[in-house]
There are 2 protein chains.
Amino acid sequence: MNATPKRLRKVILSGIRKSLLEFGSATKVELSDKLEISFPTISKFLTQMEKDGEVISVGLDESSGGRRAKRYMYNPEYMLGLAIFLERTETNYAIFNCVGEVKEQGKVPSVLVEDGLHLLTTSIEKLITAYPKISSIAIGVPGSVDNGRIFYIPGYEQFQNFDLKGFYEDYFSIPVVVENDMNAAVLGFHHNRRIQDNQSLVYLYSGQNGPGAGFMINGDVVRGSTFFAGEVSFVPQYNDRNFRQALENGTGPKEVPISQDYQIDAISRLVASFTAIINPHTIIFCNDEVEEAIVEKIALASSKYIPSEHLPDLTISDWKQDYLYGLQSLGLDLMLNQPLK
Amino acid sequence: MNATPKRLRKVILSGIRKSLLEFGSATKVELSDKLEISFPTISKFLTQMEKDGEVISVGLDESSGGRRAKRYMYNPEYMLGLAIFLERTETNYAIFNCVGEVKEQGKVPSVLVEDGLHLLTTSIEKLITAYPKISSIAIGVPGSVDNGRIFYIPGYEQFQNFDLKGFYEDYFSIPVVVENDMNAAVLGFHHNRRIQDNQSLVYLYSGQNGPGAGFMINGDVVRGSTFFAGEVSFVPQYNDRNFRQALENGTGPKEVPISQDYQIDAISRLVASFTAIINPHTIIFCNDEVEEAIVEKIALASSKYIPSEHLPDLTISDWKQDYLYGLQSLGLDLMLNQPLK
DNA sequence: TAAACTTATTAAACAACTTTAATAAGTATC
DNA sequence: GATACTTATTAAAGTTGTTTAATAAGTTTA
């Protein structure tokens, strides 16, 4: 349950941080109104945060008829985040500040190899030494993750069933989050487009291992009972073909970008299924797989199967970018929940 | 945000109530441990609640080596709930206490008619007069509901876009919840089987207006962006038939209970779709539509489409009963969140 | 330009939960 | 059966947020 004053403090603190970042800057009264926390409490927190260098005073507001209010902004460089993308062929990383600006981006050899863990550890160590303000680590992996433990990662058995989060939190004493690549992308899209919470999104992609989807429903990532959610390859669509078979059309290698009519019909049937089942607000396609004109064709084709007023917003986005945003947003969340020093 | 001491008080109070009902009875230490609230706070609340008659002392525990602890139980008759089921042909109601025992059950003529609101109001008035301890009203309706406002209720336009919750909360000064019938049933199943939170369930049924489904994902009811979630009729399944057409097989009136092979194949394709998309823990069929032997056939048929290790638990339940449980659980929630008198 | 009015901030009294110490009520053992 | 040990409960002191009153710093107007 955790309904204690200590918990309250954490919630208030992270509320102040989030509001300052959201608004860009704010006065104490604005924060008090927004967060519905009393003025003296806001004041006490802000005084301490200013002392720590976490917030900066940026002068006085114009008077609105009385004494002028002091305006504060969050110091975006106060904490940095580290995002790491584990991929088959390479490992990318990005260091970003609290407003999402990337301070440094780079790559190291893939760590999804024998003794990769050690390689990863030394890479992180170097980065933390160079940027001591790093206060969170977000790691994206091409596998299923349950609360920081890598659950199922076909092809990279040395990481299978390894508690990456626990390991690095102990090792570095910095909060760590580990998330599946697809789920991170959905989160990133959600966060970047500033979509209201508790909306539902579907991110559709053609992976190396066949098509898949990431779901966010009511604002939560969907993992499924056996972490099988999103394996849309298996959706039966025609008398004797499922989605994957329909996409491949018996020709073996898949065609990308999407262009053929049989592909469009298969996708529009999938869109119809999503709509009839979870009725999401938005379905997102990858910009390197689908073009604008094709999306329109898919929308048109879908309306053969379902009333078009229920059709979700079909949109295109940059998967890589959303993946980064997603890891950033997960890391930022960890930072904003950190206690006052 | 609402991170205030007042809010804290509410959370603690409802935590005590829930724990007492869940455990049947408890000592102050047990509550303090479970809820992670300090002993003195638990003690203060319990003293007040005993004074109000909300909890009852049921004697001393056996000693475990020291002073014997007093044991308390919740007084289930302290508050009553009223559940109302609006249906086409009749309106059922049930009055229940805090442990779910039904004190009285009955029916009145359907209120889904001209001037039905007035009829409903007087019916509720009579019940509240007879049972003044009624402290919550849960109303189930065959339509879409958004925060107590009936959003879409085909055939009963007089209720369309009416804020039933707001109306009765003003009128009776008792908290009211309004929920769609299917969503209530999913909630009821979830609550009754004491399923862990944040599981995913699908409740499948053949309504008068064709088949439909209710979803609970990660413990939340899924409504969809246009309240279209669950309209699984429209899922494309064969070259030229969607789920509804496949079930009806061109013969017009549907066959219930399910028995034919073409029905089984259609349902198993739907099961496969659910699994590949959201991978739920459980899919629930209605006991008046599907028999045990058929469920086994469906499971077998589904494994043609998806790996059977990911197949959800297929189970049968009593829809009417789950609907009642669902409304009870919604009403109970309202009661447990009521402030101390 | 001084009085009246606004708005921001600080100070003091209050409320509610936690922590720690003290007390009460048992059990076990020499 | 007195002493040591356990466990439950109560009491007192400490934290932390809220409310309300007081003060500071502006603006407007007679």
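In what follows, every chain begins at residue 1, and chains take the letters A, B, ... in the order their sequences are listed. Since we're looking at a predicted model, the values are computed, not measured.
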Nearest to the [X] side chain among [options], which nucleotide is it?
| X | options | result |
| --- | --- | --- |
| A:Phe39 | D:dT18, C:dT9, C:dC17 | C:dT9 |
| B:Lys70 | C:dG26, D:dT9, C:dA8 | D:dT9 |
| B:Ser63 | C:dC17, C:dT27, D:dT18 | C:dT27 |
| A:Arg67 | D:dA8, C:dT9, D:dG17 | C:dT9 |

Phosphate oxygens OP1/OP2 of [N]: is one of them under 4.0 Å from a side-chain N or O of [X]?
| X | N | result |
| --- | --- | --- |
| B:Arg68 | D:dA8 | no |
| A:Thr4 | C:dC17 | no |
| B:Lys28 | D:dT10 | yes |
| B:Thr41 | C:dT18 | yes |

message: Measuring centre to centre across the rings, with the benzene-like ring taken for any Trp, is B:Phe189 within less than 6.0 Å of B:Tyr325?
response: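 No.
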
- prompt: Across the strands shown, which category fits A:Ser43 at heavy-atom distances under 4.0 angstrom: base, sugar-phosphate, nothing?
  reply: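 Sugar-phosphate, no base atom in range.
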
- request: Could you check whether A:Ser38 gets within reach of a base, just the sugar-phosphate, or nothing at all, counting any heavy atom under 4.0 Å?
  value: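 Base, at least one base heavy atom under 4.0 Å.
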
message: Can you tell whether the side chains of A:Glu36 and B:Lys6 come within less than 4.0 Å, N to carboxylate O?
response: no

query: Got a salt bridge between A:Glu30 and A:Arg71, using NZ or NE/NH1/NH2 to carboxylate O under 4.0 Å?
result: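 Yes, this pair counts.
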
message: Between P on C:dT18 and CZ on B:Arg9, what's the gap in Å once rounded to a whole number?
response: 12 Å

query: Rounded to whole angstrom units, what separation is found between the NZ atom of B:Lys44 and the P atom of C:dC17?
result: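 Spelled out: NZ on B:Lys44 to P on C:dC17 is 5 Å.
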
Side-chain heavy atoms of A:Leu31 within contact of A:Ile37, under 4.5 Å: no

- request: Take A:Ile37 and A:Gly66, find for each the nucleotide of DNA chain D with the closest heavy atom, and name the residue whose nucleotide sits nearer the 5' end.
  value: A:Ile37

